[in-house]
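First the proteins, then the strands, lettered A, B, ... as listed; each starts at 1. No hydrogens, no waters, no symmetry mates; every other heavy atom, side chains included, goes into these values.
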Amino acid sequence: MDREKPELNEERRTFIKKVLKGTIAGSLLLVIPLRADDLETSEQIPEHIPEQIPGIRGSEYDMSRHRFVFIVDITRCIGCGSCCVADKREYNVPDGNYRTWVERYIKDIDENIYVDCPNGGLDGYQKPREDIDRPVRDTFFVPKLCNMCEDPSCVQVCPVGATFRSPDGFVLIDSERCIGCAYCIQACPYSVRFLNPVTHTAEKCSWCYHRVRRGLLPVCVHVCPAKARKFGDLNDKESEVYKILSGPGVITVLKRDMGNSPSLYYKGARREVI
Amino acid sequence: MKSSYNSHVKRIILGLVIFAVVGFIGKEISSPKSFGVYGHYRADAIQEEADRDMRHKTNTPCLPCHTHEAGLHKNGLHKTISCEFCHGPMADHITSGIKTGELPVKKGEEIRVLCLRCHNRAIHARPGDVIKTVVMPDHLRDKKVKETHTCNQCHHVHAPYNYIDQAKQALSIKEAS
């Protein structure tokens, strides 16, 4: 009987230890995620970053009040590929897929067109093309991205309502609904969509909707050193995009005859650009 | 009899009502929440996309810590270049106010490749009024420096004319333009 007593005590001691450890661990678990959550939410509202698109912050976001347009100024693009690099990093785009890319057009003296786009312009254009024998007449870069059509064919063909045009004019993808049938990829006249090899859902440029809603420019517009990409609200008469689109100059959209009415405009694009 | 004459109409109406009720309940169960508020899609998907984490956070949060680079960058010709293009996104460096990783600083040959991404005149598509371009290695020969020189031996990467202007001022050299 005397022998059993210490054993019992031993058990009691370990039991109390376990309970104490459990309580401490439990209370710590309660405290730590709370702190992380608080920081997370404060980071989501980047008040310390100055507003880049006026009229978004401050009041409740009204989806019907804005009409966003994107302008690519071909006469200013230097083909550095900053936009492509920033885009890949912002969305962790898998290798071999591109939400935006920069093409190089070369026109020779006989009006033959040569287009190339090594690695989507991610590595920039380090070397000139050497396979063209005739003298070159004209050469320029053409950045490509989602055209955010007013009448998007990708939305028409989606069988599950996974892609849609939001009331503020953004064509977005609901990856929860997407079944990866790739109809939209075939339907898009601008080939901006791809099937993400990791999630097996369709993906494309969203004009950085998450940044726009926080009052910031799309990441490609922000990093462009030559100001070749411009973004803004056409309903804001003070915006640069309004001034460009209401002023003189060659303004075109890609594949107008497809009838998709894109919101992406090109400034100074030659007629060969498709 | 009158009652049996009516009964098949009643049966049809009852059948239609059951069909409508079952159909309505089935639709309610199978379609996701907030589907059809604005159109044939889930309205919550808009907010979900808007809540996506930002990985690039502009130049503003870089400047308070990197004050030396900030001073050079904001006064130099490279002021339109984003910090995050050369060094990588802020999200890989600071998360929730805590340093979580080192961002790369380009060195040696990497610098030359990075500079020529924009400044290489061999790529004719670059508009001359937007960017100043050079031919390599002719530029090095013109300036009478070794051909092994990297760009950052004369040009400060954050303010390309910083050293050159300083040298000119110190030696009171005037360009023979």
Side-chain angles (χ1 to χ4, degrees), chain A residues 36 39-40 43-44 46 48-50 52 61 63 75-82 85-86 89-92 104-106 123-128 136 139-141 161-168 170 172-177 206 209-214 216 219 222-228, chain B residues 31-32 35-61 64 77-86 88-92 94-98 112-114 116-131 133:
Chain A
L39 286 166
E40 203 83 344
E43 205 179 37
Q44 286 315 301
H48 58 289
I49 304 175
Q52 291 175 326
Y61 182 74
M63 284 203 247
T75 59
R76 289 195 70 84
C77 182
I78 57 169
C80 63
S82 309
V85 172
R89 287 176 183 157
E90 180 77 13
Y91 296 96
N92 288 324
R104 170 168 58 181
Y105 276 64
I106 297 173
D123 313 320
Y125 287 86
Q126 297 280 348
K127 286 195 180 85
V136 171
T139 165
F140 47 90
F141 292 108
T163 185
F164 54 89
R165 188 170 179 270
S166 68
D168 44 357
F170 286 80
L172 300 173
I173 297 166
D174 178 359
S175 53
E176 248 178 63
R177 293 280 296 160
S206 62
Y209 189 65
H210 61 300
R211 295 176 69 90
V212 174
R213 283 287 294 268
R214 292 173 176 126
L216 301 175
V219 73
H222 170 67
V223 300
C224 180
K227 304 247 177 294
Chain B
S31 50
F35 198 90
V37 176
Y38 298 120
H40 189 71
Y41 59 91
R42 222 162 44 87
D44 288 350
I46 301 175
Q47 195 54 47
E48 283 164 25
E49 182 63 38
D51 289 340
R52 184 194 279 269
D53 286 342
M54 266 172 40
R55 285 177 43 75
H56 288 76
K57 302 194 175 157
T58 76
N59 292 357
T60 315
L77 273 180
H78 275 173
K79 59 176 176 284
T80 58
I81 298 179
S82 159
C83 305
E84 289 166 311
F85 168 57
C86 300
M90 185 71 168
D92 290 348
I94 308 280
T95 314
S96 309
I98 296 152
R112 208 183 60 84
V113 172
L114 188 67
L116 289 182
R117 217 181 149 119
C118 298
H119 294 285
N120 189 358
R121 195 175 295 167
I123 310 297
H124 297 293
R126 290 192 172 131
D129 56 334
V130 179
I131 188 154
T133 51

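- B/Arg126 meets the salt bridge (Lys or Arg N to Asp or Glu O under 4.0 Å) test with no other residue; sequence neighbours excluded.
- Within the 4.5 angstrom heavy-atom criterion, only backbone atoms of A/Arg165 (N, CA, C, O) approach chain B.
- Here the side chains of B/Arg52 and A/Tyr91 are in contact, with some heavy-atom distance below 4.5 Å.
- The line from CG of B/Asn120 to OH of A/Tyr125 is 14.0 Å long, rounded to the nearest 0.5 Å.
- Between chain A and the residues B/Val113, B/Asp129, B/Thr133, B/Ile81, the largest count of heavy-atom pairs under 4.5 Å involves B/Val113.
- For the set A/Phe170, A/Tyr105, A/Phe140, A/Phe141, the entry with the most heavy-atom pairs within less than 4.5 Å of chain B is A/Phe141.
- In this structure a side-chain-to-backbone donor-acceptor pair under 3.5 Å is missing from B/Arg55 to A/Asn92.
- Using a 4.5 Å cut-off between heavy atoms, A/Thr75 touches chain B through its backbone atoms (N, CA, C, O) alone.
- For A/Val85, the part lying near chain B is the side chain, with the backbone staying farther off; criterion is any non-hydrogen pair under 4.5 Å.
- Taking CZ from A/Arg89 and CZ from B/Phe85, the interatomic distance works out to 7.5 Å, rounded to the nearest 0.5 Å.
- Closest non-hydrogen pair, B/Thr58 versus A/His222, comes out as CA-NE2, 3.4 Å.
- A/Lys127 touches chain B through its backbone: at least one of N, CA, C or O sits under 4.5 Å from a heavy atom, while the side chain does not.
- The contact between A/Leu172 and chain B is made entirely by side chain atoms (from C-beta outward), counting heavy-atom distances below 4.5 Å.
- Proximity to chain B (any heavy atom under 4.5 Å) is shown, for A/Asp168, by neither the backbone nor the side chain.
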